[in-house]
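The structure appears right after this line, and notes come after that.
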Amino acid sequence: MKKLTRHFMAILLSLVMVMAMGMTAFAEETSAGNNNGNAPTSTYKLTLNGTSTGHTYEVYQIFTGDLSTNAEGKKVLSNVKWGNGVTASSTEKAEDVAKGLTDGTKKLDEFVDGLQLTISAKTVESTQGNTVIDGLAAGYYLVKDKDGTQANTSDAYTKFIVQVVGDTEAAIKSDVPTVEKKVKDTNDSTGETSGWQDSADYDFGDDVPYQITGTMPDNIADYKTYKYMFTDTMSKGLTYTANNVTIKIGEKDVTSSFKEVVTPNENGSTTVTWTCNNLKEIEGVTLDKNTTVVVNYTAQLNKNAVLGSAGNPNTVNLTYSNNPNKGGEGETGTTPEDKNIVFTYKVVVNKVDQDNKSLKGAAFKLQKKVKATDGKTEYKDVKSFTAGEEITFEFSGLDDGDYKLTETTTPDGYNTITPIEFTISATHDETADKPELISLEANTTGNGTTDATTGLITFTAKTADGSLTTDVVNKKGSTLPSTGGSGTKLLYIGGAILAVTAGTVLVLKKKMRNR
């Protein structure tokens, strides 16, 4: 009997050390029953700490026995028998199973997976913070989520065995992976690029770099297989760059282990999925709670992009195996979406004369100052207009940076303005769940701000539509007189006076000679 008791004590210690797919046991040092080997008459409560709402826990009695106190004063179970929550095997006795678990001939997770559960001792709905299960006799109990209750949620199933030999507490750890989406921001004029953040601004045609990072659950070792699928949805202002994706686990490139599917949606957005049906079959990688799966790709900001504060969002979620009780196969959960936004803006130029009236016949060219990798800067054309009937000129799809506005055609009779240099600046949430455009402005930085031919240039900003609007003034020519104008008349009058004067002088000289 003592030998059997020693074997069973070893089983208890083994059960105490394992949680989730394994088993976690907690022995409460409170009195229960008596010390003479008789069956206990008291019942106890099990408090599950760290629970959240939305779970239905089933409690099955696996082992029962006689509660007694050993020589060290600890509560132990002897005369171990199958509990009423499982179907007893005709070929295996409870004490034989216990012995196998103790000497290692039986694996703990296989034992749990192979249990034939019958009647649950309790079924309770979880509460936030902790959940109490009472009325339990001394023994060992399997606590698990009811089948089907965590399918397609953002949570996961849990399963563990706990020892109840008094009022006992256990911590719930149904861990799940997480996912986050980041973007980098580049200022073309300064050449500076940010770290990974939740917002950025770009020009039409720019390639936008994105990064997705997925984590692992703490109990990834409890899964025999593990499905992992990223679902990324880009708004219609973003065009996915095909064949430009890399997926890594640590330093190992695992892109080939994921299947990519690109789906255009009716609203103009695009959904891309990257799926690995079983991360655990990828050779050369180790999966633990510190493992991450990192996806890098680019998308181009196209001319369907939304200007201003609404921006161009990009969302991602992660679908993952969430039921270690079934080896990871079949049921899955999905994380909440993570979101970031790319903003873009426009400059609106109204052409007016010195009386602030609309003026036709002008044309403009906008250029952006760009810093190359060698440190040199140059101006690259953004957009040009041809002179015509336009009096308003829109340059859409701009981000922060330095620009130069040049008047390429000047209305007849007006002086050409000095090129205007200005800087667009914007601030937006860089570390927010729902990034917002905070401010937008443009300020002149070079020629043209107080020149006599242009007047003062100022911009009016509206973050809602991402616009920066200014009036560019042309003043009438005064350096040279125009044909048929008042200057010509003055010349005529002056010439006539000179001619009369010259004639008078000649007549007087002739009279003087005749004398």
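Numbers here simply count residues along the sequence, with the first being 1.
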After noting the C-alpha distance and the side-chain angles of Glu421 and Lys404, does the key distance pass the salt bridge (Lys or Arg N to Asp or Glu O under 4.0 Å) rule?
CA-CA 4 Å; Glu421 297 178 11; Lys404 181 165 67 175; 5.2 Å; no
Test ring-ring contact (aromatic ring centres under 6.0 Å, His included) on Tyr320 and Tyr226 and set out the steps.
CA-CA 7 Å; Tyr320 55 91; Tyr226 202 72; 7.0 Å; no
Decide yes or no on salt bridge (Lys or Arg N to Asp or Glu O under 4.0 Å) for Lys365 and Glu407, but give the supporting numbers first.
CA-CA 6 Å; Lys365 174 177 69 176; Glu407 189 174 62; over 6 Å; no
side-chain hydrogen bond (donor to acceptor under 3.5 Å, both in side chains) between Asp201 and Tyr345, intermediate numbers included:
CA-CA 8 Å; Asp201 48 29; Tyr345 322 113; 2.8 Å; yes
Please assess Asp471 against Asn350 for the test side-chain hydrogen bond (donor to acceptor under 3.5 Å, both in side chains), listing each intermediate value before the final yes or no.
CA-CA 5 Å; Asp471 292 341; Asn350 296 316; 3.3 Å; yes
Pair Thr335, Ser154 - check side-chain hydrogen bond (donor to acceptor under 3.5 Å, both in side chains), show working.
CA-CA 5 Å; Thr335 65; Ser154 59; over 6 Å; no
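The minimum heavy-atom distance linking Val349 with Leu405 is given by the pair CG2-CD2, 3.8 Å. Gly397 approaches Leu307 most closely through the heavy-atom pair N-CD2, 4.0 Å. The nearest pair of heavy atoms linking Thr255 to Ile247 is OG1-N, 2.9 Å. Across every non-hydrogen atom of Thr409 and Gly361, the tightest pair is CG2-O, 3.6 Å. Closest approach of Ile391 to Leu359, counting heavy atoms only: CG2-O, 3.6 Å. Scanning all heavy atoms of the two residues, the minimum distance from Lys146 to Tyr157 falls at O-CE2, 3.5 Å.
Between Leu301 and Val342 there is a side-chain heavy-atom pair separated by less than 4.5 Å. Ile424 is listed as a side-chain neighbour of Leu440, based on a closest heavy-atom distance under 4.5 Å. In this structure, Thr231 and Val316 have side chains that are not in contact, with every pair of non-hydrogen atoms separated by 4.5 Å or more. Between Ile417 and Val472, some side-chain heavy-atom pair lies under the 4.5 Å cut-off. The closest side-chain heavy-atom distance from Val272 to Glu260 is below 4.5 Å. Here the side chains of Asn415 and Asn474 are not in contact, with every heavy-atom distance at 4.5 Å or above. With a 4.5 Å cut-off on side-chain heavy atoms, Asn265 and Thr271 count as touching. Counting only heavy atoms from C-beta outward, the side chains of Val348 and Thr470 never approach each other to under 4.5 Å.
Listed for the Asp198 side chain is a donor-acceptor partner under 3.5 Å among the backbone atoms of Ala432. Using a distance-only test at 3.5 Å, with no hydrogens or angles considered, no donor-acceptor pair links the side chain of Asp206 to the main chain of Val208. A donor-acceptor pair under 3.5 Å is formed between the side chain of Asp288 and the backbone N or O of Thr291. Under a 3.5 Å cut-off, the side chain of Ser321 and the backbone N or O of Lys227 do form a donor-acceptor pair. Judged by distance alone, with hydrogens and angles left aside, the side-chain atoms of Thr463 form no donor-acceptor pair with the main-chain N or O of Gly466 at under 3.5 Å. Side-chain atoms of Asp175 come within 3.5 Å of backbone atoms of Asp218 as a donor-acceptor pair (strictly under, hydrogens ignored). Side chain of Thr344 to main chain of Leu398: a donor-acceptor pair is present (N/O by atom type, distance under 3.5 Å, no hydrogens or angles).
Environment of CG in Asp381: crowded, with over 12 heavy atoms of neighbouring residues, nucleotides or ligands closer than 6.0 Å. Annotation: Gln354, atom CD; neighbour count of heavy atoms from other residues, nucleotides and ligands within 6.0 Å is above 12. Atom CD of Gln128 has more than 12 heavy atoms from other residues, nucleotides or ligands within 6.0 Å. Counting heavy-atom neighbours within 6.0 Å of Lys280 NZ, excluding the residue itself, gives a total above 12. Within a 6.0 Å sphere centred on CG of Asn243, other residues, nucleotides and ligands contribute 12 heavy atoms or fewer. Annotation: Asp433, atom CG; neighbour count of heavy atoms from other residues, nucleotides and ligands within 6.0 Å does not exceed 12.
Aromatic rings from Tyr228 and Phe230 are positioned such that their centres are separated by under 6.0 Å. You'll find the ring centres of Phe364 and Phe385 outside the 6.0 Å limit. If you look at Phe459 and Phe422, their ring centroids are closer than 6.0 Å.
For the residue pair Ser199 / His428, a side-chain donor-acceptor distance below 3.5 Å is found, with atom types taken as modelled. Using modelled atom types and a 3.5 Å distance limit, the side chains of Asp429 and Gln197 yield no donor-acceptor pair. Checked by atom type, the side-chain pair Thr332/Asn322 shows no donor-acceptor distance below 3.5 Å. Side chain to side chain, Thr427 and Ser439 meet the donor-acceptor criterion of an N or O pair below 3.5 Å. Between the side chains of Thr149 and Thr56, no donor-acceptor pair is found at a separation under 3.5 Å. Lys181 and Asn314 share a side-chain donor-acceptor pair at under 3.5 Å. Between the side chains of Ser126 and Thr51, no donor N or O sits under 3.5 Å from an acceptor N or O. Donor-acceptor pairing under 3.5 Å is recorded for the side chains of Thr423 and Asp402. Counted by atom type alone, Asp253 and Thr246 present zero donor-acceptor pairs between their side chains at under 3.5 Å. A donor-acceptor contact closer than 3.5 angstrom is absent between the side chains of Asn187 and Glu192. Side chains of Asp145 and Tyr57: no donor on one and acceptor on the other come within 3.5 Å. For the residue pair Thr292/Thr213, the side-chain donor-acceptor check at 3.5 Å is not satisfied. With no hydrogens or angles considered, a side-chain donor-acceptor pair links Asn267 and Ser269 at under 3.5 Å. Judged purely by distance below 3.5 Å, without hydrogens or angles, the side chains of Tyr202 and Gln300 never pair a donor atom with an acceptor atom. Tyr297 and Asp232 are linked by a side-chain donor-acceptor pair at a separation below 3.5 angstrom, with hydrogens and angles left out of the test.
Considering Lys371, Lys368, Lys369, Lys380 as possible partners of Asp188, the one that fulfils the side chain to side chain donor-acceptor pair (under 3.5 Å) test is Lys368. If you run side chain to side chain donor-acceptor pair (under 3.5 Å) between Thr298 and each of Asp207, Thr239, Asn244, only Asn244 comes through.
In this structure, Lys259 is not positioned above the aromatic face of Trp274 in the sense of NZ or CZ being under 6.0 Å from the six-membered ring centre and within 45° of the axis.
The residues Asp353 and Lys476 are annotated as not salt-bridged, no charged nitrogen and carboxylate oxygen being separated by less than 4.0 angstrom.
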